[in-house]
Amino acid sequence: MKILILNGPNLNLLGSREPDKYGKDTLKDIENFLRKEAEKLNVEIIFEQSNIEGELVTKIQQAKGICDGIVINPAAYTHTSIALRDSLLAVDIPAVEIHLSNIHKREEFRHVSMTAPACIGQITGFGKNSYKLGLIALYDYLLQNQK
Ligand code: DQA
């Protein structure tokens, strides 16, 4: 099983970026943490980040026929990007949206997700464990919905 872990804008700054909200781990720390979890499940992960909306769209498109699932933290594009939502729908690859912080506990503009309706579900507010929980939920879903 192969799963794309896709990270949106400013997540490359984790560690120094608003640590009170996003924790002290860098994105590399999160990647290493998730690789250990993936190994336990015998899942191969491709871990990517981009600050550019179109690049994220291209990465989703390129996952077609290669990845069985996508764990996505679209970051700020969560709240704005119809393009990301459409690309998730277009490739029809099961996806789980995740967030480090609880977006429903924050500013009102963060309560809306453009991308979540194109996903199986959303995990929000568990820090780096959101990535782990997202991976496990997706893994379980894929096992139960094997084509
Ligand atoms: C985030 C939440 C978003 O609202 C924000 O724009 C981010 C990070 C999170 O993981 O908590 O960049 O996706």
Side-chain angles (χ1 to χ4, degrees), residues 1-41 43-64 66-142:
M1 193 185 287
K2 203 183 260 194
I3 293 181
L4 173 63
I5 317 292
L6 198 52
N7 293 282
N10 299 306
L11 293 173
N12 55 316
L13 300 180
L14 287 177
S16 61
R17 175 193 180 203
E18 300 185 89
D20 50 317
K21 292 190 184 81
Y22 301 122
K24 287 183 188 154
D25 287 310
T26 64
L27 193 60
K28 193 70 199 169
D29 293 334
I30 292 176
E31 176 178 349
N32 293 337
F33 165 73
L34 204 61
R35 286 202 180 280
K36 284 193 194 125
E37 296 304 322
E39 231 171 82
K40 289 182 208 163
L41 301 173
V43 166
E44 186 185 335
I45 61 171
I46 301 169
F47 198 94
E48 304 257 26
Q49 188 273 335
S50 176
N51 291 323
I52 301 166
E53 187 177 17
E55 275 184 14
L56 294 164
V57 167
T58 300
K59 286 178 195 297
I60 291 169
Q61 289 182 6
Q62 287 172 343
K64 185 81 188 166
I66 294 174
C67 293
D68 304 294
I70 300 173
V71 173
I72 184 165
N73 183 350
Y77 290 139
T78 304
H79 319 295
T80 61
S81 181
I82 295 166
L84 280 182
R85 177 192 181 128
D86 283 353
S87 55
L88 288 167
L89 291 172
V91 295
D92 197 24
I93 300 172
V96 173
E97 178 175 309
I98 68 109
H99 300 281
L100 294 154
S101 62
N102 181 352
I103 57 171
H104 303 289
K105 224 176 162 181
R106 299 183 60 193
E107 303 96 322
E108 225 172 286
F109 66 85
R110 292 185 205 274
H111 298 178
V112 175
S113 171
M114 292 293 160
T115 40
C119 296
I120 306 162
Q122 183 193 65
I123 294 170
T124 185
F126 296 95
K128 71 176 174 187
N129 274 331
S130 291
Y131 283 84
K132 174 180 166 180
L133 295 169
L135 179 67
I136 293 170
L138 183 57
Y139 171 79
D140 208 51
Y141 176 91
L142 291 171

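Atoms within each ligand, like the ligands themselves, are counted from 1 in listed order. This one's a predicted model, so the numbers in the text were calculated from it and none came from an experiment.
- Every atom of ligand 1 with a heavy atom of Tyr22 under 4.0 Å away is listed here by number and element: 5 (C), 7 (C), 8 (C), 9 (C), 11 (O).
- No option in Ile3, Leu135, Asp140 other than Leu135 meets the side chain to side chain contact (heavy atoms under 4.5 Å, CB included) test with Leu41.
- Between His104 and Gln122 there is a side-chain heavy-atom pair separated by less than 4.5 Å.
- Using a non-hydrogen distance threshold of 4.0 Å, Asn10 does not register as a contact of ligand 1.
- Checked by atom type, the side-chain pair Thr78/Glu97 shows no donor-acceptor distance below 3.5 Å.
- Within the 4.5 Å cutoff, side-chain heavy atoms of Tyr77 are placed close to those of Leu56.
- At least one N/O-N/O distance between Leu100 and ligand 1 falls below 3.5 Å.
- The shortest N or O to N or O distance between Ala76 and ligand 1 is below 3.5 Å.
- Each of the atoms 3 (C), 4 (O) of ligand 1 lies under 4.0 Å from some heavy atom of His79.
- At least one heavy atom of Arg17 sits less than 4.0 Å from an atom of ligand 1.
- For a threshold of 3.5 Å applied to N or O pairs, the pair formed by His99 and ligand 1 contains at least one separation below that value.
- Ligand 1 lies nowhere less than 4.0 angstrom from a heavy atom belonging to Lys21.
- Using a cut-off of 4.0 Å between Lys/Arg side-chain N and Asp/Glu carboxylate O, Glu39 and Lys36 are scored as not salt-bridged.
- Residue-to-ligand polar distances place Ser101 within reach of ligand 1: an N/O pair is separated by less than 3.5 Å.
- The only member of Leu138, Leu88, Val71 that meets side chain to side chain contact (heavy atoms under 4.5 Å, CB included) when paired with Cys119 is Leu88.
- Taking NZ from Lys59 and CG from Asn7, the interatomic distance works out to 10.5 Å, rounded to the nearest 0.5 Å.
- Residue Asn73 places a heavy atom under 4.0 Å from ligand 1.
- Looking from atom 5 (C) of ligand 1 to the surrounding protein, the closest heavy atom is Arg110 NH1, 3.3 Å.
- For Thr124, no heavy-atom contact with ligand 1 is shorter than 4.0 Å.
- Under the 4.0 Å criterion applied to side-chain N and carboxylate O atoms, Arg35 and Glu31 are assigned as salt-bridge partners.
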